[in-house]
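All remarks here apply to the structure that follows.
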Amino acid sequence: MTRPPLPPFDAESAAQKVQLAEDGWNSRDPQKVALAYTVDCKWRNRAEIFQGRDAIVEFLTRKWDREQDYRLIKELWAYTDNRIAVRFAYEFRDDAGAWFRAYGNENWEFGEDGLMRHRIASINDLAIREEDRLFHWPQGRRPDDHPGLSDLGL
């Protein structure tokens, strides 16, 4: 199985890979998202370190059960042959109705098949008021005309 675009990346293929990842995560489908990673992919997400697709599915299921009304924007930061650096922000509310915006950076490493084999994410949460939300679109893929992070000043 391959997952285009494949390394080595150029500016266009790296940006496409980032957009595909954003679209996948905005689907909030752990099984679908996990297919972008190798079966033994290594993850560090905040303070959690784990490995493998099954662990990814478990993690994402817990995450999206906790983070309701989740909407994510990713932006390419840098790339090289088989690595991509991404900055991102997402908004969500908790089960008590409090809103948050999470800011973070990810480092991705890919195999020749285009599957991610290593993901390192550092993330910080900021409590926001509902009226300060910036990510307004129906659940799912971000519309093409919705501003990105740089356009929003984030």
Side-chain angles (χ1 to χ4, degrees), residues 1-46 48-92 100-126 133-154:
M1 179 174 115
T2 62
R3 190 80 169 204
L6 306 177
F9 298 113
D10 58 22
E12 182 180 341
S13 62
Q16 183 182 14
K17 199 72 156 177
V18 172
Q19 184 63 58
L20 290 168
E22 176 187 307
D23 293 349
W25 280 63
N26 276 325
S27 77
R28 295 175 37 124
D29 181 339
Q31 296 289 339
K32 175 184 172 183
V33 171
L35 294 176
Y37 303 91
T38 61
V39 295
D40 62 348
C41 184
K42 297 176 184 173
W43 271 40
R44 181 177 60 79
N45 195 90
R46 300 181 192 250
E48 292 189 60
I49 299 172
F50 52 90
Q51 185 171 352
R53 275 193 194 148
D54 290 342
I56 292 168
V57 169
E58 290 172 17
F59 170 83
L60 292 173
T61 300
R62 284 191 327 270
K63 172 185 178 61
W64 290 322
D65 283 346
R66 262 188 343 266
E67 298 176 352
Q68 300 166 19
D69 293 318
Y70 176 94
R71 286 165 180 78
L72 165 74
I73 300 176
K74 291 183 182 280
E75 185 174 281
L76 176 64
W77 187 254
Y79 68 91
T80 186
D81 293 337
N82 70 331
R83 293 181 175 169
I84 297 176
V86 175
R87 69 187 200 93
F88 64 87
Y90 63 89
E91 293 180 349
F92 68 94
F100 297 87
R101 184 175 304 125
Y103 297 93
N105 299 292
E106 292 175 297
N107 296 310
W108 301 342
E109 182 179 82
F110 295 88
E112 292 176 1
D113 56 7
L115 295 172
M116 193 181 304
R117 62 183 179 202
H118 200 173
R119 175 184 177 269
I120 302 168
S122 298
I123 307 165
N124 299 299
D125 294 333
L126 174 68
R133 292 180 53 227
L134 299 173
F135 301 177
H136 299 281
W137 66 84
Q139 196 73 53
R141 186 181 189 282
R142 176 172 55 107
D144 292 336
D145 62 349
H146 191 283
L149 295 179
S150 292
D151 299 325
L152 292 167
L154 301 175

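Since the model is a prediction, treat every value here as computed from it, not as a measurement.
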- prompt: Which atom pair, heavy atoms only, marks the closest approach of A89 to F135?
  reply: O-CE1, 3.4 Å
- prompt: Salt-bridged, R46 to D125, with N to O below 4.0 Å?
  reply: yes
field: Reported CD1-to-CG distance for the pair I56 and L35, which is rounded to 0.5 angstrom
entry: 10.0 Å
query: Do W25 and L60 have side chains that get closer than 4.5 Å, going by heavy atoms?
result: yes
query: Does any non-hydrogen side-chain atom of N26 lie less than 4.5 Å from one of R141?
result: no
message: Does any part of the side chain of R3, heavy atoms only, come nearer than 4.5 Å to the side chain of K17, both counted from C-beta?
response: yes
query: What's the spacing between M1 CE and D113 CG if we round to 0.5 Å?
result: 7.5 Å
- request: Please examine the side chains of R44 and S122, heavy atoms only from C-beta on, and report whether any two atoms are closer than 4.5 Å.
  value: yes
- prompt: Between atom CD of Q19 and atom CG of L76, what is the distance when rounded to the nearest 0.5 Å?
  reply: 11.5 Å
- line: Which of D40, V33, L115 passes side chain to side chain contact (heavy atoms under 4.5 Å, CB included) with R53? Answer is L115
- prompt: How many angstroms lie between atom NE2 of H118 and atom NZ of K42, to the nearest 0.5 angstrom?
  reply: 6.5 Å
- prompt: Of all residues at least two apart in sequence or in a different chain, which pass the ring-ring contact (aromatic ring centres under 6.0 Å, His included) check with Y70?
  reply: W64, Y90
query: Less than 4.5 Å apart, any side-chain heavy atom of E112 and any of L6?
result: no
task: For residues Q139 and R28, report the shortest heavy-atom separation together with the two atoms involved.
output: NE2-CD, 3.1 Å
Salt-bridge contact E75-R87 (side-chain N to carboxylate O under 4.0 Å): yes
- prompt: Are any of the side-chain heavy atoms of V18 and Y79 separated by less than 4.5 Å?
  reply: no
- prompt: Salt bridge or not for K63 and E48, using N-O below 4.0 Å?
  reply: no
- prompt: What closest approach, in Å, do R142 and K74 show between heavy atoms, and which atom pair accounts for it?
  reply: NH2-O, 4.4 Å
- prompt: Does some side-chain heavy atom of N105 sit less than 4.5 Å from a side-chain heavy atom of W77?
  reply: no
query: What pair of heavy atoms forms the shortest contact from A121 to N45, and how long is it?
result: CB-OD1, 3.7 Å
field: From CG (L134) to CG (D151), nearest 0.5 Å
entry: 12.0 Å
- prompt: Is any side-chain heavy atom of P7 less than 4.5 Å from a side-chain heavy atom of D81?
  reply: no
- request: Working to the nearest 0.5 Å, report the span between CZ of F88 and CG of L154.
  value: 13.0 Å
query: What's the shortest heavy-atom distance between M116 and R119, and which atoms?
result: SD-CB, 3.7 Å
